[in-house]
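Quick note on labels: first sequence line is chain A, next is B, and so on, each numbered from 1. Side chains are part of it too, since the values below use all heavy atoms of this structure and drop only hydrogens, waters and symmetry mates.
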2 protein chains.
Amino acid sequence: MALEHAILVSLLEQPGSGYELARRFERSIGYFWTATHQQIYRVLKRMEGDGLLRVREVAQQGRPDKKEYEVAAPGRAALSQWLHEPVEPESIRHELAVKIRGAAFDDPAALISEVERHREAHRARLAHYLSGEQRDFTGPGAPQPPGIRQELQHVVLRGGVAYERMTIAWLDDVLATLHRLGAAPPGA
Amino acid sequence: MALEHAILVSLLEQPGSGYELARRFERSIGYFWTATHQQIYRVLKRMEGDGLLRVREVAQQGRPDKKEYEVAAPGRAALSQWLHEPVEPESIRHELAVKIRGAAFDDPAALISEVERHREAHRARLAHYLSGEQRDFTGPGAPQPPGIRQELQHVVLRGGVAYERMTIAWLDDVLATLHRLGAAPPGA
DNA sequence: TCCTTGTGTGCAACTCGTTGCATAGGCAAG
DNA sequence: CTTGCCTATGCAACGAGTTGCACACAAGGA
């Protein structure tokens, strides 16, 4: 059900079409909740049917028409209700960790390039977060003083930054461990 | 498909029944991959049908019989193949982050108790990891010198510890932010 | 001219994952 | 002796999420 809520939040921040939402889910909101355009279109249709959203056909020039969605009163109420009920702390799912444990039954050194690839992806994401932070929150163009919305978006972004930094440090630890094991004789 | 691989790793570490696997997915492997017993039983059946696992009926006294699974040669090969192909870096899914951004459209202060609850859950998980680390890796009962399997399990556990520490620090940041906003006048 | 890229929406089929329920025996506490 | 918990396996139904494909039009480059 969380996709619904992520869509409500995103549409409250800014009304938009399914396509636009899909692109937001590649950045911004997508940093901590992912969805494909298929899923988004399907859920938007259902939410509209449930009266959570209003839709408006918008003609555009040089582009196909779009359906712009915005949050209706029941949608706002649904979000508010969800905010007041507890959600369970996340259960992490980390494929790479499974691989690392699995490497004990194969060749640990073969994982090195894979881990380096992940490290590079996280480094790039961190750089991306930091430039976004500069642009939207700490740079000269940022709203002064920041509103509640900016404050909350910023603290979420700081979480992303902390996550990436922690992950990069851990991947360095993993690489050091794999190199150490590569130097030692293999065996189960 | 990652559940299959997590099961292969877990059964290589120690053969066992669906029930036993389900319990491992509540600790150990479950720290970075979750699954319910339903899913596990279904996947075990499929994997056995695909020849990845061998099954053996084991009679027990005072308890129902169980089916003990162990990895067959094709299962080992499937794991090895997976280890050699790249997986995409994780897309995080963090419901609490969605809530925090959503709080801008409701009452931010109402989230405080929820965030505190999460903080407590992460604190408990960290304590649990640390005691497990002491028991299995850094304490006096740990194997000396550690084998490859221990080294890799340990580095994964260190990742869990780093994750929990980072998360607790971030939740403190979130709490400070929410308190600061609570002192200021509300408004969208 | 054709091919690719981008905007915009959507169906169909599938796998993954969750929830509720069912069965069945043993064991322990009230 | 009944209630509840633990071990142990499983079905059925649903919801969440992915993948592949399709259509339609516009713009730009080869």
Spacing of [X] atom [atom1] relative to [N] atom [atom2], expressed in whole Å:
| X | N | atom1 | atom2 | value |
| --- | --- | --- | --- | --- |
| B/E95 | D/dA16 | CD | C1' | 13 Å |
| B/F25 | D/dA8 | CZ | P | 17 Å |
| B/L21 | D/dA8 | CG | P | 12 Å |
| B/R93 | D/dA16 | CZ | C1' | 8 Å |
| B/I40 | D/dA8 | CD1 | C1' | 13 Å |
| B/Y19 | D/dT9 | OH | P | 9 Å |

Scan B/S17 against the nucleic acid and name what it touches under 4.0 Å (heavy atoms): base, sugar-phosphate only, or nothing.
-> sugar-phosphate
Would you please confirm or rule out a distance under 4.0 Å between OP1 or OP2 of D/dG10 and any side-chain N or O of B/Y41?
-> no
What's the shortest heavy-atom distance between B/P143 and B/D136, and which atoms?
-> CD-O, 3.9 Å
Closest approach of B/A104 and A/I148, non-hydrogen atoms and distance?
->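 For B/A104 versus A/I148, the nearest heavy atoms are CA-CG2, 4.1 Å.
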Taking it one step at a time, do B/T34 and B/F25 satisfy side-chain contact (heavy atoms from CB on, under 4.5 Å)?
-> CA-CA 6 Å; B/T34 57; B/F25 274 87; 5.7 Å; no
Difference in axis direction between the ends of the helix from C/dT1-D/dA30 to C/dG30-D/dC1, five pairs, 10° = 10°
Main-chain N/O of A/R101 paired with B/Q153 side-chain donor or acceptor, under 3.5 Å =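 Judged by distance alone, no pair lies under 3.5 Å.
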Please write out each protein N/O paired with an N/O of nucleotides 11-13 of chain D under 3.5 Å, distance rounded to 0.1 Å.
from	atom 1	to	atom 2	distance (Å)
D/dC11	N4	B/Q38	OE1	2.1
D/dC11	N4	B/Q38	NE2	2.9

With a 3.5 Å cut-off and sequence neighbours excluded, list the donor-acceptor pairs that the side chains of residues 36-56 of chain A form with protein atoms.
from	atom 1	to	atom 2	distance (Å)
A/Y41	OH	A/Y19	N	3.4
A/R46	NH2	A/E4	OE2	2.7
A/R56	NH2	A/E68	OE2	3.0

Note: [X]-[Y] ion pair, threshold 4.0 Å (strictly below):
| X | Y | result |
| --- | --- | --- |
| A/R180 | B/E151 | yes |
| A/R158 | A/E133 | no |
| A/E20 | A/K66 | yes |

Yes or no on ring-ring contact (aromatic ring centres under 6.0 Å, His included) for A/H122 and A/Y129, after CA distance, side-chain angles and deciding distance?
-> CA-CA 10 Å; A/H122 285 282; A/Y129 286 0; 9.7 Å; no
With sequence neighbours excluded, what pairs up with A/W170 under the ring pair (Phe, Tyr, Trp, His ring centres under 6.0 Å) test?
->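 Listed in chain order: A/H94.
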Can you list every salt bridge (Lys or Arg N to Asp or Glu O under 4.0 Å) pair that touches residues 118-131 of chain A, not counting sequence neighbours?
-> A/R119-A/D172, A/E120-A/R123, A/R125-A/E164
DNA chain C: 5'-most and 3'-most nucleotides touching chain A, 4.0 angstrom heavy-atom criterion | C/dT7 to C/dG17
Contact nearer the 5' end of DNA chain D, comparing A/P64 with A/R46 | A/R46
